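Presented below is the structure to which this report refers.
Labels below follow one simple rule: chain letters A, B, ... track the order of the sequence lines, proteins then strands, and each chain is numbered from 1. Keep in mind that this is a model prediction, so the values were computed, not measured.
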Amino acid sequence: MAAVATCGSASPGSAVATASKSNVTSFQRRGPRASGTNDSGPRLVSIAGTRPSVRNGQLLVSTGLPALDQLLGGGLAIGTVLLIEEDKYNIYSPLLFKCFLAEGIVNGHTLLVASAKEDPANILQELPAPLLDDNSKKEFDEDVYNHKTPESNIKMKIAWRYQLLPKMEQIGPVSSRFGHYYDASKRIPQELIEASNWHGFFLPEKISSTLKVEPWSLTPGYIKLLQFIQNIIYEEGFDGSNPQKKQRNVLRIGIQNLGSPLWGDDICCAENGSNSHSLTKFLYVLRGLLRTSLSACIITMPTHLIQNKAIIARVTNLSDIVIGLESFIGSERETNPLYKDYHGLIHIRQIPRLNNLICDESDVKDLAFKLKRKLFTIECITKLRSYGLRSQKYFLSRHSQRKCSVKKNPYFKEPHTLKKIY
Amino acid sequence: MFVELNNLLNTTPDRAEQGKLTLLCDAKTDGSFLVHHFLSFYLKANCKVCFVALFQSFSHYNIVGQKLGVNLTVARERGQLVFLEGLKSAVDVFFQTQEEPHPLQFLREANAGNLKPLFEFVREALKPVDGGEARWTYPVLLVDDLSVLLSLGMGAVAVLDFIHYCRATVCWELKGNMVILVHDSGDVEDEENDILLNGVSHQSHLILRAEGLATGFCRDVHGQLRILWRRPSQPTAQRDQSLTYQYKIQDKSVSFFAKGMSPAVL
């Protein structure tokens, strides 16, 4: 459970550093290290919605999709950038973006939403509703009451065991689980949005003021966004440098459609634009900001529009996790019987090696996603072609171990020795 | 450092050659394990190391270094390691005006400038301390990685100039070594990167090229390492020696084996 610190002397904002000589696991805080303060003794402080990684103790947050968390080795590490290469018509990548933000609201994290296309307040209104089971739903109702009324000693009726736990420094979030499922057809309850702490950056509003800074080779929109992010991080104390604020929360940053012409960048319009380094510089400085603060960032980028392929390679190198979405809409794969059940493919292009020589790369490379009425799921598809029987294809779903014939092809007789399993 | 890699390269920390430029190159895979190897190798060889780390933060290198047996924090305090943390410095340069020239000053400039402040920083870090006492054997410059400079707006020629100046100072004047990592973009048409890669590989004495397998992802063999010894100053009548191995990266070490001889296959 993310809410309880796993080890007595561990502070979860830490990475395990095994000193090979002394054989003592010393937990070192990775990232925000306030220059003046020294942590004296162990503290039982945990940040809601985070958990340490199994491999190296790094602090992880959920991306909003538990299936994706599993493929990324547990979740998104704090201080890293998750880049989503948008699908062609930008239908499914906003859903991943919104799941990430909704996960932040459900866990009580601070949000920073930046967009050049939509007002962040509208984006937040359209977030999917979390699927809470009955027990935690009652817990959520109780917590909403607790949030509204200032007394904190309301006796918990359902989740009474939580009352016995030591008092956390943080107000309890809606749910203390790591990773939730979201219902794409319903909107998030209004109370949750109002109870959350969020900052919005809508480019047309911010860019209207005159630019007083010197003309660097970054587009003004990017400069403004970086200053905004740095301001929030400093003001709210996410990097530990502000002596007044002692923040024990995670900042989730979401930037939509970065690199599109709406941000003032022309890499999607021209092959050798005037400021082709603008985006890569932005990503570098952003990663520098993230590495020294308790924040995680999701960026969606229309890479299929970028004319110069070298820039895509550079952007991929400068990001930590890169996921590409490829939807079947409009392509010939839409009518392919192979992909009948799915809406698109998901490619995990890069996973970082943080504090480690190796990374948790999953063995499964053929991944597809589908958006059913409610849920967005990711599954592995493997096509096995059989020899001897002309062009009859077998599907192996992730959970079934036996070869099965899923599609009934009327032109070929099914071998009666095979079992049909869905 | 990886003992198997030392055997393949036929070196040990005690008797490493001086005045050499080593190029680390990776294509379709992550070659950062080579950087960690050389960092721990030269720290164990008691050299003065200047590490221009543009790609990851200090704690990342420190934690991996501890797995390999060196403590970067202690080395930095002792003065053996001069560490330029690119990510943190970029944030400082970007948001606060600096009084004296900062090594990453070019981030603030609109046009592609030159890397002179960065070179001054390296020279300042590696110059021998006047005092007579020789605590460190020879200076070493480590750069991880050079392709980031291209992404930050520098031209390939400016980066090659920087490498040339560093080589003249570190390798020739101070008789030290240089280790540089450059990404190979492969089939992506990144002209600037290709110019940079070709330029540095012609100047280097040893090229270590980590490639992903041509057949794709494999759990037991993470890639292929090509080692190429060169003599840039001498005529190319003599054939350069080249070796190829496949490797698998584990938690604290890397195991090398001949092609097709992976323990998983045998």
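Closest heavy-atom contact between B:Val91 and A:Val285: CG2-O, 3.8 Å. Considering every non-hydrogen atom in both B:Val188 and A:Ala310, the closest pair reads CG1-CA, 3.7 Å. Contact record, B:His60 with A:Asn355: ND1-N, 2.8 Å, taken as the closest heavy-atom pair.
In this structure, no portion of B:Val254 lies under 4.5 Å from any heavy atom of chain A. Interface residue A:Leu226: backbone and side-chain heavy atoms are both found under 4.5 Å from chain B. Looking at B:Phe217, the atoms closer than 4.5 Å to chain A (heavy atoms on both sides) all sit in the side chain, from C-beta outward.
Summarising the local packing, NZ of B:Lys116 is surrounded by 12 or fewer heavy atoms from other residues, nucleotides or ligands at distances under 6.0 Å.
Taking B:Lys88, B:Glu192, B:Gln56 one by one and counting their heavy-atom pairs under 4.5 Å with chain A, the maximum is reached by B:Gln56. Per-residue heavy-atom pair counts under 4.5 Å with chain B were compared for A:Lys309, A:Gln350, A:Gln230, and the maximum is reached by A:Gln230.
By the 4.5 Å heavy-atom criterion applied to side chains, A:Arg353 and B:Val64 are not counted as neighbours. At least one side-chain heavy atom of A:Leu318 sits less than 4.5 Å from a side-chain heavy atom of B:Ser151. For the pair B:Met154 and A:His277, the minimum side-chain heavy-atom distance is 4.5 Å or more. Between B:Glu85 and A:Arg291 the shortest side-chain heavy-atom distance does not fall below 4.5 Å. In this structure, B:Phe94 and A:Leu289 have side chains that are not in contact, with every pair of non-hydrogen atoms separated by 4.5 Å or more.
Here A:Ile358 contributes atom CD1 and B:Gln250 contributes atom CD; the two are 8.0 Å apart, rounded to the nearest 0.5 Å. Rounded to the nearest 0.5 Å, atoms CG (B:Asp190) and CG (A:Asn308) are 7.5 Å apart. With rounding to the nearest 0.5 angstrom, the CD1 atom of A:Ile312 is 13.0 Å from the OG atom of B:Ser185. Taking CG from A:Asn317 and CG from B:Asn193, the interatomic distance works out to 8.5 Å, rounded to the nearest 0.5 Å. Note that CZ of B:Phe58 is 15.0 Å distant from OG1 of A:Thr292, once rounded to the nearest 0.5 Å. To the nearest 0.5 Å, atoms NZ (B:Lys67) and CG (A:Asn356) are separated by 3.5 Å.
At distances below 3.5 Å, at least one donor-acceptor pair connects side-chain atoms of A:Tyr284 with backbone N or O atoms of B:Leu54.
Taking the centre and axis of the six-membered ring of B:Phe55, the NZ or CZ atom of A:Arg287 falls inside the cone set by 45° and 6.0 Å.
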